[in-house]
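Remember, it's 1-based here, ligands and their atoms both numbered in the order they're listed. Reckoned from all heavy atoms, side chains included, excluding hydrogens, waters and symmetry mates. Predicted model only: the values in this text are computed from it and were never measured.
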Amino acid sequence: MRALKLVGPGQLELQEVPVPEIGDDDILVKVAAAGLCHSDLHILHQGAQWPFFGTTMGHETSGHVEAKGANVTKFDVGDPVLVRAVWACGECRPCRLGRENACAVNGSRSMFPLTPGLAVDGGMADYIRVAAQHADPLGEIDPDTAAPLADAGLTPMHAIKSSRHLLDDGATAVVIGFGGLGHMAVQILAADTDATIIVIEPDEAKRAAALKAGAAVTLAPDADVVATILDRTDGYGVDVVYDFVGAQGTLDTAAAVVAPEGAVRVVGLADGALTVYASLEGERLPWGVDVQRAYGGTSVDQTDVLRLVANGSIAVETVTYPLTEARQAFDDLEAGRIQGRAVLIP
Ligand SMILES: [Zn+2]
Ligand SMILES: [Zn+2]
């Protein structure tokens, strides 16, 4: 079978490799689609010290069960499945409390839990092997477009649920970046909350799409953006900011528009910093602001995403590339040319 391997800094190679053998608790999934995430670009640009060269890329995977191990009762051969992005142990204390994205066994204080496409082979291939516990049945959901639900659906869902108590009728939420995760976040906010949604996005076509997805207002990230947002909220600020970029400029905007007792969810990985000053002086966050460096989500969050897709409340917008054109997809994502989520089709 073919697998897209990261072989060195910036170097991808579509290699011919054996189909993985499965154990008693595993399923072999024939990949229908594999989503391409901004974090894949971060992985692509790691230096020579990166420990995971040789791994197949891809942490958003959907497909059909091709074969199953002797102990697997959850799936039948042929079932459409979503492979999770968070491979938690399921048994440690955080996992038992439903906080699988903070798993203490398959993750650590500095590293999130095991993720396909990083330390183990991911879904940018003809087949992926996964323990049945790390897959969800898709039911009626089309596997050809479902792959991004494993991250672009899951991660915004988790960030929104952790701040959901602030999003009553009359609340305002700001979404920074209408890319793969942002376009799902806006739909989830529109489906599951009464908040007024403001989207900050530099690309004009993406701003137009954000309005269709449920945003009330879209703004370009120009010099007036903070003043405009504060103006709309009578100077008080917005209840929650979801930053799907994470650059210094976007985090500065988040800090400048969030309301007292509001929340900032930092999801993007563009290397910015949000400083909490413990002082009465100078520039500072309003009192009571809750900042979270949001990572992934839980199995319940994944179920919630699948529920919203199944009932038609949200949908992934995909741009498809054949697996053989993966490099083009990476380049297009890097250049900002993807609206919605790029998926690779083996
Ligand atoms: Zn991702
Ligand atoms: Zn665990």
Side-chain angles (χ1 to χ4, degrees), residues 4 6 12 25 33-46 52 55-62 82-124 128 130-134 146-160 177-185 188 242-246 265-271 293-302 305 316-319 326 329-330 332-334 338 340-344:
L4 186 72
L6 180 68
L12 296 168
D25 298 315
L36 175 54
C37 179
H38 246 283
S39 61
D40 292 318
L41 291 176
H42 293 293
I43 293 168
L44 181 66
H45 295 310
Q46 291 297 313
F52 304 130
T55 308
T56 304
M57 299 284 289
H59 55 273
E60 294 182 335
T61 314
S62 53
L82 179 68
V83 177
R84 289 186 195 160
V86 178
W87 289 9
C89 81
E91 289 171 11
C92 70
R93 188 180 63 89
C95 279
R96 280 186 283 109
L97 292 169
R99 297 192 284 117
E100 295 106 322
N101 57 338
C103 176
V105 173
N106 289 356
S108 68
R109 191 174 169 278
S110 56
M111 191 62 189
F112 46 73
L114 192 63
T115 303
L118 210 62
V120 288
D121 287 336
M124 293 181 184
I128 181 174
V130 56
Q133 71 177 107
H134 304 316
L149 300 175
D151 177 13
L154 176 80
T155 302
M157 175 61 84
H158 185 73
I160 290 166
F178 195 76
L181 275 67
H183 96 289
M184 297 305 290
I188 294 167
Y242 301 96
D243 185 352
F244 292 103
V245 179
R265 296 291 175 261
V266 183
V267 184
L269 298 171
D271 221 18
R293 188 181 176 213
Y295 179 76
T298 70
S299 56
V300 176
D301 297 331
Q302 190 67 79
V305 169
V316 188
E317 182 179 356
T318 55
V319 182
F330 274 75
D332 286 349
L333 179 63
E334 189 139 41
I338 307 287
R341 195 59 136 182
V343 294
L344 305 178

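With the Zn ion (ligand 2) as vertex, Cys89 SG and Cys95 SG subtend 120°, rounded to 10°.
Distances from the Zn ion (ligand 1) to the N/O/S atoms of Asp151 are shortest for OD2.
Residue Cys89 holds its SG atom at 11.0 Å from CG of Leu114, rounded to the nearest 0.5 Å. The distance from atom CE of Met111 to atom CG of Asn106, rounded to the nearest 0.5 Å, is 11.5 Å.
In this structure, Glu100 does not pair ionically with Arg84, as no charged nitrogen and carboxylate oxygen lie closer than 4.0 Å.
Phe52 approaches Thr55 most closely through the heavy-atom pair O-OG1, 2.8 Å.
Residue His59: an N/O/S atom is found under 2.8 Å from the Zn ion (ligand 1).
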